[in-house]
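The block underneath contains the structure these notes are about, expressed in structure tokens.
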Protein chains: 2
Amino acid sequence: MKWDELEEEPCSMARTIGVIGDRWTLLILRECFLRTRRFEGFQSALGITRHLLAERLKKLVRQGVLRRIPYQESPKRHEYILTQKGLDLYPIMMALVHWGDTHMVDERGRPLLHEHRKCGKMFDPVMVCSECGEPLSAKEVHVHPGPGASPALEKASLEKKAKLKSRKAAA
Amino acid sequence: MKWDELEEEPCSMARTIGVIGDRWTLLILRECFLRTRRFEGFQSALGITRHLLAERLKKLVRQGVLRRIPYQESPKRHEYILTQKGLDLYPIMMALVHWGDTHMVDERGRPLLHEHRKCGKMFDPVMVCSECGEPLSAKEVHVHPGPGASPALEKASLEKKAKLKSRKAAA
DNA sequence: TTTGACAGTTCAATTTTAGAACTGTATGAA
DNA sequence: TTCATACAGTTCTAAAATTGAACTGTCAAA
């Protein structure tokens, strides 16, 4: 599979993965949410090679996740700022952090705590149903094909194709 | 950076990324949540090379995300099943899907719809504060160092080191 | 006039991944 | 019995991505 094909798959998860689904991109986005904005900032915080950093930033800008905004003329310098599309990645980031907090901490405990400004407390993120507000778990959710083709359907049709093919080969 | 170092970083997100932060792993996990359990199932659904699939499955088992369970003797065959640790990845998966649904759909609309068994409605996942139940946004959250070292501190100390180094070089 | 900050670009060497074929056990059909 | 198929991998080479390090170019401050 070529990775730019991912963005055209009839699966929202695959498309998302096509945009942010590699390690450096996720770490770059972590830095964005920690208020890093400049090339050198990302580079020194992450130790990523300058080559890759330039490439990833370009891609994120192309995808509309970051906006490249000049902060000085001569020499032209730009900052990379999260767009709304980028800010909307926040639940993904929090979900990643929370899983790590739950399953990957060492003896010392959590590296970071999160305070919710509105209520003033340290919190964990909880994913709930938009309709009834109850916490979600995999087992309580059923999947249906939507107006765009579903990966399940696609899977079935791929399997059909494979069978046809092998029959042809046999004939 | 070597990728197995990620798991030891004092950042829960980095550690999570070390486990599930590559494209194929995320797609394999998607299949797991869609009830795929066997080698051939993953391979034909995803088109991943058998080589990589074998490797990724091994890694997920090693990390405790999947359990490898025999379902027949002679020839020995195993299924790959999500552990609780794996099931706990569900919010991450849903967050990825939801972002794709919001920002990456084409004219045809969503590939999949999600029904919440408890309330019987099609829903979107919403991330809320465990303490007050309000939806979360990046701007309302403040980050504090926890008992394990924080990436912000680490960042600061790295920058200090870099400065010391450059001063030494100058001297 | 030299040094350093900043934001990249270039290039060879290494590492990962893709693609395809091969191994080995067992079942069911001809 | 022999052949084809299902299944779960392993092995190999070619292609692609990543690393590490050096280089480019502009400007400001010393």
Side-chain angles (χ1 to χ4, degrees), chain A residues 1-6 17-18 21-28 31 36-62 66 68-81 159 162-171, chain B residues 1-6 17-18 21-28 31 36-62 66 68-81 159 162-171:
Chain A
M1 187 187 298
K2 282 121 202 173
W3 287 114
D4 30 339
E5 285 173 24
L6 259 189
I17 292 170
D22 80 286
R23 309 197 206 266
W24 282 126
T25 300
L26 286 165
L27 290 172
I28 289 168
E31 289 306 309
T36 299
R37 297 156 175 256
R38 301 185 183 177
F39 194 92
E40 293 296 315
F42 292 109
Q43 207 280 321
S44 70
L46 298 174
I48 185 176
T49 63
R50 312 176 72 76
H51 184 47
L52 254 202
L53 175 57
E55 169 140 315
R56 291 290 191 269
L57 288 173
K58 245 177 228 160
K59 180 169 183 189
L60 287 170
V61 169
R62 205 166 56 238
L66 298 179
R68 191 161 175 269
I69 296 179
Y71 69 91
Q72 68 171 42
E73 296 294 317
S74 84
K76 276 220 167 190
R77 291 279 184 264
H78 301 84
E79 292 187 313
Y80 296 89
I81 317 263
E159 279 166 359
K163 275 194 185 159
L164 283 173
K165 209 169 145 193
S166 65
R167 270 175 210 169
K168 267 184 209 164
Chain B
M1 188 186 297
K2 282 120 201 173
W3 287 114
D4 31 338
E5 286 172 24
L6 258 190
I17 291 171
D22 79 287
R23 308 186 195 288
W24 281 125
T25 300
L26 287 166
L27 290 171
I28 289 168
E31 290 307 308
T36 299
R37 299 159 174 261
R38 301 186 183 175
F39 193 93
E40 293 297 314
F42 292 110
Q43 205 282 319
S44 70
L46 297 175
I48 184 177
T49 62
R50 312 176 72 76
H51 184 47
L52 256 201
L53 176 57
E55 170 140 314
R56 292 292 192 266
L57 288 173
K58 243 176 232 161
K59 181 169 182 188
L60 287 170
V61 169
R62 206 166 54 239
L66 298 179
R68 191 163 175 266
I69 295 178
Y71 69 90
Q72 68 172 41
E73 296 293 320
S74 83
K76 277 219 168 192
R77 293 279 184 266
H78 302 83
E79 293 187 314
Y80 296 91
I81 317 263
E159 279 166 2
K163 274 192 185 158
L164 282 173
K165 206 170 147 193
S166 66
R167 270 174 209 167
K168 266 184 210 163

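Below, chain A is the first sequence line, B the second, and so on; all start at residue 1. Please read all numbers here as calculations on a predicted model, not as lab measurements.
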Sequence-distant partners of B:Glu79, side-chain contact (heavy atoms from CB on, under 4.5 Å), two or more places apart: B:Arg37, B:Arg38, B:Tyr71, B:Ile81
Smallest separation among heavy atoms of A:Val61 and A:Arg68, with atom names: CG2-CB, 4.3 Å
B:Lys58 vs D:dT10: side-chain N/O to OP1/OP2 distance below 4.0 Å: yes
Could you state the atom-to-atom distance from CZ of B:Arg23 to C1' of C:dA18 in whole Å? 15 Å
B:Leu46 CG to C:dT17 C1', straight-line distance once rounded to whole Å: 15 Å
Would you classify B:Arg68 as touching base, sugar-phosphate or nothing, given that sugar-phosphate means primed atoms plus P, OP1 and OP2, and contacts are heavy atoms under 4.0 Å? sugar-phosphate
Walk me through whether A:Leu27 and B:Leu6 qualify under side chain to side chain contact (heavy atoms under 4.5 Å, CB included). CA-CA 10 Å; A:Leu27 290 172; B:Leu6 258 190; 4.1 Å; yes
In this structure, how many angstroms lie between the C1' atom of C:dC6 and the NZ atom of A:Lys76, rounded? 16 Å
Looking only at heavy atoms, what is the nearest atom pair of A:Leu26 and B:Ile17, with distance? CB-CD1, 3.4 Å
Classify the nucleic acid contact of A:Phe42 as base, sugar-phosphate or nothing, counting any heavy atom under 4.0 Å across all strands shown. nothing
Could you walk me through whether A:Ile28 and A:Tyr80 pass the side chain to side chain contact (heavy atoms under 4.5 Å, CB included) check? CA-CA 11 Å; A:Ile28 289 168; A:Tyr80 296 89; over 6 Å; no
Please report the distance, rounded to the nearest Å, between OH in A:Tyr80 and C1' in C:dC6. 12 Å
Using the side-chain heavy atoms of A:Arg77, tell me which of these nucleotides is nearest: C:dA7, D:dG9, D:dA6. C:dA7
Could you tell me which non-hydrogen atom of B:Phe42 sits nearest to which non-hydrogen atom of B:Ile48, and how far apart they are? O-CG2, 4.4 Å
Checking contacts here: which listed nucleotide (D:dC27, D:dT10, C:dT9) is nearest the side-chain heavy atoms of B:Ala54? D:dT10
Expressed as a whole number of angstroms, how long is the span from A:Tyr71:OH to D:dT26:P? 17 Å
Evaluate the side chain to side chain contact (heavy atoms under 4.5 Å, CB included) criterion for residues A:Lys59 and A:Thr25: first the C-alpha distance (whole Å), next the side-chain angles of each, then the deciding distance (0.1 Å), finally the verdict. CA-CA 9 Å; A:Lys59 180 169 183 189; A:Thr25 300; 6.0 Å; no
Which atom pairs link the protein and nucleotides 18-20 of chain D when you take only N or O atoms and keep those under 3.5 Å?
residue	atom	partner	partner atom	Å
D:dT18	OP1	A:Arg56	NH2	2.9
D:dT18	OP2	A:Arg56	NH2	3.4
D:dT19	OP1	A:Trp24	NE1	3.2
D:dT19	OP2	A:Trp24	NE1	3.2

Rounded to whole Å, please give me the gap between CD in B:Glu40 and P in D:dG9. 9 Å
How many Å lie between CZ on B:Arg38 and P on D:dG9, as a whole number? 12 Å
Would you kindly give the CD-to-P distance between B:Gln43 and D:dG9, to the nearest whole Å? 12 Å
